[in-house]
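Each remark here refers to the structure printed beneath this line.
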Amino acid sequence: MSARSPATPRRSGRGEAPDSSSTQQAHGLADGEIAARLLAWFDRHGRVDLPWQHPRTPYRVWLSEIMLQQTQVSVVSGYFERFVSALPDLPALARASQDEVLALWSGLGYYARARNLHATAKLCVERHGGDLPRDLDALIALPGIGRSTAGAILTQAWNDRAPILDGNVKRVLCRLFGIDGWPGTPAVEKQLWSIAASLLPDARLADWTQAQMDFGATLCTRASPACAICPLQDACVARREGRIAELPAAKPGKPLPQRETRMLIVEDPAGRVLLWRRPPTGVWASLWSLPQHESSDEAQAWFQRHLDGDFASARALPALDHGFTHFRLRIHPRLIAVSGPRAAIGDNADLRWASRAELATIGLPAPVRKLLQEQTE
DNA sequence: AAGGCGGGGAT
DNA sequence: ATCCCAGCCTT
């Protein structure tokens with residue numbers, strides 16, 4: 001095996017990222033605490049029965065990592081089993097014809113991955129005695145292996161210490177540290193790499209890599225993260241600032257017109273919610289909805305005109321996106337409790353209180369219903 | 001810095 | 001329909 005010294009922790013604690021110190025402090029946890037919590041979570045909820053984990057050899061780790069580039073676990077599993085049955089080790093892959101390799105890959109997409117896989121197997125036979133090199137730069141020098149895949153191989157195959165930065169890690173770090181900007185830009189990516197390096201624990205590196213991916217894939221998911229049961233909820237900047245829906249920032253594209261609005265969830269002591277009837281024209285015409293305003297100032301003025309309570313006590317909830325055919329609407333909801341209704345509301349045909357049970361029978365816009373349901377949970 | 005590469009899952 | 005996925009390589 002060509003190689004370098006195994007698994008000696010280079011340094012403990014602080015990362016190698018002078019330019020990201022400000023964001024690294026934002027989460028408010030001590031060094032090592034994030035990894036400790038995620039590893040504890042992994043011990044209870046991590047995925048431990050994936051096909052490439054039994055047995056976990058360098059060849060199987062490498063093959064799985066290549067197949068998993070831009071491809072979900074549920075899709076890869078079947079292909080992986082078929083592939084390793086036909087070509088059970090690296091020399092067998094090196095000996096195979098390109099046609100056979102491509103046939104085993106057929107349907108997986110991104111066929112350059114298969115050609116590079118085959119080329120790398122041959123190179124490993126030539127250069128590295130038929131094994132994958134246990135060295136970051138030597139791995140990256142092989143076709144189809146970038147920095148993240150190299151890190152995943154080193155950690156999973158040998159428990160060596162190296163960071164990864166896949167889609168899961170990017171999403172988790174952007175939320176946890178409140179990082180703005182599309183993660184695809186070099187500047188953001190550089191910052192994420194430095195944070196990923198700074199979070200590395202000193203042991204259990206294979207578990208650490210798997211823990212991050214499992215956490216991103218099953219808990220801190222793109223569309224509906226399970227923040228309520230997240231082991232990092234108290235430290236998450238996006239959670240604290242109500243920006244879960246906004247982070248990570250989406251790839252800039254041909255933008256549909258984007259509109260923003262604010263909605264108030266006003267709750268009385270009995271748990272009833274204040275509804276507002278929308279005008280008879282325009283979107284959601286005549287549907288019952290939530291009090292809605294263009295700006296925070298407008299919302300505050302409306303609140304003070306209609307209700308008794310402290311507007312400053314309103315809590316920002318995560319923004320909610322809703323798509324129409326011709327524009328995209330981002331709703332910024334706020335939750336506020338009031339001591340009781342003012343008499344005037346009873347006389348207002350466009351305002352009413354509704355209990356949670358009544359809501360099921362009232363025509364509400366889909367995002368509003370979703371919002372109120374989530375709020376109840 | 002941007003585009004190409006594929007097919008499928010989730011919403 | 002749209003976005004994204006255990007990214008990497010070329011231009």
Side-chain angles (χ1 to χ4, degrees), chain A residues 42 46-47 50-53 56 60-80 102 105-117 119-120 139-157 162-174 181-190 192-193 196 205-226 245-256 258 320-329 366-367 369-370 374:
Chain A
F42 173 77
R47 294 178 290 190
L50 299 173
W52 40 92
Q53 295 174 330
R56 190 159 65 181
R60 291 163 62 90
V61 166
W62 164 54
L63 175 62
S64 71
E65 289 302 331
I66 302 301
M67 285 188 166
L68 286 161
Q69 289 170 359
Q70 298 300 103
T71 312
Q72 295 174 194
V73 168
S74 59
V75 177
V76 164
S77 293
Y79 284 90
F80 178 85
L102 287 174
W105 205 271
S106 178
L108 253 191
Y110 282 142
Y111 296 94
R113 293 184 295 173
R115 291 192 298 273
N116 288 333
L117 187 82
T120 285
L139 283 169
I140 292 174
L142 294 165
I145 301 179
R147 186 174 173 189
S148 187
T149 298
I153 293 171
L154 285 174
T155 53
Q156 303 235 310
I164 62 166
L165 190 63
D166 64 4
N168 289 309
V169 178
K170 286 178 180 174
R171 180 174 57 256
V172 170
L173 295 185
C174 281
W182 179 50
T185 65
V188 175
E189 199 160 300
K190 182 181 175 187
L192 292 172
W193 270 114
L205 273 303
D207 287 346
W208 169 240
T209 288
Q210 193 63 41
Q212 292 174 91
M213 299 197 271
D214 290 353
F215 180 75
T218 68
L219 195 156
C220 193
T221 60
R222 185 165 65 88
S224 55
E246 300 164 23
L247 297 178
K251 175 181 181 175
K254 36 98 211 186
L256 241 40
Q258 172 99 25
L320 186 69
D321 287 322
H322 185 71
F324 294 87
T325 54
H326 50 307
F327 68 95
R328 183 164 284 283
L329 182 66
R369 186 175 302 282
K370 181 171 191 281
E374 282 177 356

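The sequence lines fix the lettering, A, B, ..., with proteins before strands; numbering per chain opens at 1.
Applying the 3.5 Å distance criterion, the base of B:dG8 shares no donor-acceptor pair with the side chain of A:Ser74.
The shortest heavy-atom contact between A:Gln156 and A:Arg56 is O-NE, 3.5 Å.
Within the 4.0 angstrom heavy-atom criterion, only backbone atoms of the sugar-phosphate kind lie near A:Leu142; the bases stay farther away. Counting any heavy atom pair closer than 4.0 Å across all strands shown, A:Leu165 reaches no nucleic acid atom. Looking at heavy-atom distances under 4.0 Å, A:Glu189 makes no contact with the nucleic acid at all. Counting non-hydrogen atoms under 4.0 angstrom, A:Gly107 reaches the backbone sugars and phosphates but no base. Using a 4.0 Å heavy-atom cutoff across all strands shown, A:Val169 reaches no nucleic acid atom at all. A:Thr149 comes within 4.0 angstrom of sugar-phosphate atoms only, judged by non-hydrogen atoms across all strands, and of no base. When heavy atoms are screened at a 4.0 angstrom cut-off, A:Trp105 is found touching no nucleic acid atom at all.
Not one side-chain nitrogen or oxygen of A:Tyr110 sits closer than 4.0 Å to the OP1 or OP2 atom of C:dC9. A close approach under 4.0 Å does not occur between any side-chain nitrogen or oxygen of A:Ser64 and OP1 or OP2 of C:dA6. Side-chain N/O atoms of A:Gln70 include one lying less than 4.0 angstrom from OP1 or OP2 on C:dG7. Between C:dC5 and A:Arg171, a contact under 4.0 Å exists linking OP1 or OP2 to a side-chain N or O.
Considering only the side chain of A:Pro186, B:dA1 comes nearest among C:dC8, B:dA1, C:dA6.
Distance noted for atom C1' between C:dA6 and B:dG3: 22 Å (whole Å). B:dG6 and C:dT10 are spaced 14 Å apart, taking the P atom of each and rounding to whole Å.
Place A:Arg115 and A:Arg222 on DNA chain B by their nearest nucleotides, and A:Arg115 ends up nearer the 5' end.
No side-chain donor-acceptor contact under 3.5 Å links A:Asn116 and A:Arg113.
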